[in-house]
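Order of listing sets the numbers, starting from 1, for every ligand and every atom in it. Keep in mind it's a predicted model, so treat the numbers as computed, not measured.
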Amino acid sequence: MTYDTIKVERRGAVTLVTFDRPKALNALSSAVLADLTEAFAACDADDSQRCLVLTGSEKAFAAGADIKEMAPQSFGDMYGSNFFAGWEAVTRTRKPWIAAVAGYALGGGCEVAMMADILIAADTAVFGQPEIKLGVIPGMGGSQRLTHAIGKAKAMEMILTGRNMKAAEAEASGLVAKVVPADSLIDEAMKMAETIAAMPPLAAMAAKEAVNGTYEMTLAQGINFERRVFHGLFGTEDQKEGMAAFSEKRAGDFKGR
Ligand code: CO8
């Protein structure tokens, strides 16, 4: 399958997806959304694939939603088409995925990166929600996910002033899992993805469901959900294999069953 706005590569059990609109700094148009949701769904449906990495270019992960596409739209256009509601499909991806960010991750770019299960940044990464300067506000979850990630004080400051945050501050604030040198970003992301891909896939999907549940549930509900999922994994062959492998002092060979 080929796409107009992204490149998709299978590297063993890891799908590497790269935004490919260099002239527009990977601005997220409706075409990007269509390509990306299809690529993510294809990864989810492919038993040989166990993790996905989403990245951009050295200069920009993505510089936001496509301002040129949005500029002429009316309220009726936006509301009628439920503009960009399709991005939520990305967050329904069941397999774990990593956003590997170099350069600008602004507006919708920052919001897509925050949809990832794990966010890794190059030391060149710049995060921001500058929508206020355009007369709008974050529209793909930024006001919610940024606040969850870094707390109200900093999120409010960034969203109201439109100021950007560099990689070191993003790491210190809890937005990103780690910062790596720009020239090793893909290697580091792939290494992490391969580690996850070698884990029992059902447990990996269940683990991300449980962690993401913290966004939706009370503590009591979340703990109950976690326990039920934990119990459920005793119905898998991979649990038997994982615990046998531990006793036999060998690496587990996980089948996703
Ligand atoms: N949309 C469209 N085109 C863009 C975008 C964008 N977001 N960002 C950059 N480009 C284009 C530029 O227009 C330029 O094209 P051209 O050469 O044809 O003029 C090309 O990319 C290169 O950009 P610059 O010349 O500006 O490059 P610089 O290195 O000088 O600056 C910046 C880089 C700082 C990243 C600058 O391009 C910039 O500020 N970009 C806009 C950032 C921004 O405001 N992003 C937020 C967009 S709004 C948004 O994301 C809302 C999301 C929610 C929508 C959900 C709706 C429901």
Side-chain angles (χ1 to χ4, degrees), residues 3-7 17-38 40 54-93 99-116 119 121-150 154-170 175-176 179 182 185 215:
Y3 300 91
D4 291 335
T5 66
I6 56 174
K7 285 187 193 142
V17 179
T18 309
F19 288 124
D20 190 25
R21 292 190 74 204
K23 287 191 184 135
L25 300 186
N26 295 328
L28 306 170
S29 60
S30 301
V32 177
L33 166 61
D35 282 352
L36 205 68
T37 49
E38 202 168 315
F40 273 61
L54 175 64
T55 194
S57 67
E58 273 175 37
K59 179 161 182 188
F61 176 76
D66 192 319
I67 298 170
K68 291 165 190 168
E69 182 182 64
M70 287 186 297
Q73 306 237 24
S74 67
F75 168 75
D77 297 331
M78 293 301 246
Y79 182 64
S81 66
N82 206 3
F83 191 75
F84 269 18
W87 278 101
E88 286 308 308
V90 169
T91 65
R92 289 195 291 275
T93 305
V101 174
Y104 296 111
L106 302 179
C110 185
E111 293 170 295
V112 172
M114 290 191 294
M115 291 176 192
L119 213 169
D123 49 13
T124 57
V126 176
F127 299 90
Q129 299 290 164
E131 289 91 341
I132 195 151
K133 297 180 189 169
L134 302 168
V136 291
I137 67 167
M140 289 161 58
S143 64
Q144 308 302 300
R145 290 197 180 92
L146 187 65
T147 309
H148 275 282
I150 68 174
K154 267 183 189 282
M156 191 70 94
E157 184 225 345
M158 287 177 70
I159 289 168
L160 286 180
T161 67
R163 91 155 165 100
N164 294 336
M165 179 185 258
K166 291 190 178 156
E169 186 184 358
L175 182 61
V176 309
V179 177
L185 177 67
Y215 281 86

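- Between F84 and W87, the two ring planes are perpendicular [angle over 60°; tilted spans 30° to 60°].
- Protein heavy atom in closest approach to atom 23 (O) of ligand 1: L25 CD1, 3.6 Å.
- Proximity to K23 (heavy-atom distance under 4.0 Å) selects the following atoms of ligand 1: 15 (O), 20 (C), 21 (O).
- For atom 56 (C) of ligand 1, the closest non-hydrogen atom of the protein is F83 CD2, 3.8 Å.
- Considering only heavy atoms from C-beta on, F127 comes within 4.5 Å of L119 through its side chain.
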When you look at K154 and R163, which way does the side-chain contact (heavy atoms from CB on, under 4.5 Å) test go after all the steps? CA-CA 10 Å; K154 267 183 189 282; R163 91 155 165 100; 4.0 Å; yes
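- Side-chain contact between I159 and I137 is absent, with no heavy-atom pair separated by less than 4.5 Å.
- Looking at heavy atoms from C-beta onward, L36 lies in side-chain contact with L54 at the 4.5 angstrom threshold.
- Distances shorter than 4.0 angstrom do not occur between any heavy atom of Q129 and any atom of ligand 1.
- In the vicinity of L134, heavy-atom distances shorter than 4.0 Å reach the ligand 1 atoms 44 (O), 47 (C), 48 (S).
- Proximity of atom 38 (C) of ligand 1 to the protein is not indicated, since no non-hydrogen protein atom lies closer than 4.0 angstrom.
- Taking 4.5 Å as the limit, some side-chain heavy atom of F83 sits within range of a side-chain heavy atom of M70.
- Within ligand 1, counting atoms from 1 as listed, the ones closer than 4.0 Å to a heavy atom of A24 are 4 (C), 9 (C), 10 (N), 11 (C), 21 (O).
- Within a 4.0 Å radius of atom 48 (S) of ligand 1, the protein has at least one heavy atom.
- Short contacts between ligand 1 and F84, defined as distances under 4.0 Å to a heavy atom of the residue, involve ligand atoms 54 (C), 55 (C), 57 (C).
- Taking CZ of F40 as the reference point, atom OG1 of T91 lies at 10.5 Å (rounded to 0.5 Å).
- Side-chain atoms of L175 and M114, non-hydrogen and from C-beta on, do get closer than 4.5 Å to each other.
- Proximity of A63 to ligand 1, defined as any heavy-atom pair under 4.0 Å, is shared by backbone and side chain alike.
- Partner of R21 under the side chain to side chain donor-acceptor pair (under 3.5 Å) criterion, out of T5, D66, N26: D66 alone.
- Heavy-atom contacts of G139 reach the following atoms of ligand 1: 53 (C), 55 (C), 57 (C) (cutoff under 4.0 Å).
- In terms of protein heavy atoms, atom 30 (O) of ligand 1 is closest to K59 NZ, 4.9 Å.
- Remark: ligand 1 and A65 share an N or O pair separated by less than 3.5 Å (distance only, no angle test).
- Within 6.0 Å of atom CD in E169, more than 12 heavy atoms from other residues, nucleotides or ligands are found, so the atom counts as buried in its surroundings.
- Ring planes of F19 and F61: perpendicular class, angle over 60° (limits at 30 and 60°).
- Residue L106 approaches ligand 1 through these ligand atoms, each under 4.0 Å from one of its heavy atoms: 35 (C), 42 (C).
- In this structure, M156 places its CE atom where only 12 or fewer heavy-atom neighbours from other residues, nucleotides or ligands lie under 6.0 Å away.
- Numbered from 1 in the order shown, with element, the atoms of ligand 1 that lie under 4.0 Å from a heavy atom of G107 read 46 (C), 50 (O).
- The shortest N or O to N or O distance between E111 and ligand 1 is not under 3.5 Å.
- Among all non-hydrogen protein atoms, the one lying nearest atom 18 (O) of ligand 1 is K68 NZ, 3.4 Å.
- Put simply, atom 13 (O) of ligand 1 has protein non-hydrogen atoms near it, under 4.0 Å away.
- Close approach to A27 involves these atoms of ligand 1, each under 4.0 Å from a residue heavy atom: 1 (N), 2 (C), 6 (C).
- Taking any N or O of I67, backbone or side chain, at least one lies under 3.5 Å from an N or O belonging to ligand 1.
- More than 12 heavy atoms of other shown residues, nucleotides or ligands fall within 6.0 angstrom of atom CD in Q73.
- Contact annotation for atom 10 (N) of ligand 1: protein present (non-hydrogen atoms, distance under 4.0 Å).
- Between Y104 and ligand 1, not a single N/O pair is under 3.5 Å apart.
- At a heavy-atom distance under 4.0 Å, no atom of E69 approaches ligand 1.
- Counting heavy atoms from C-beta on, the side chains of M115 and M140 come closer than 4.5 Å.
- For atom 21 (O) of ligand 1, the nearest protein heavy atom lies under 4.0 Å away.
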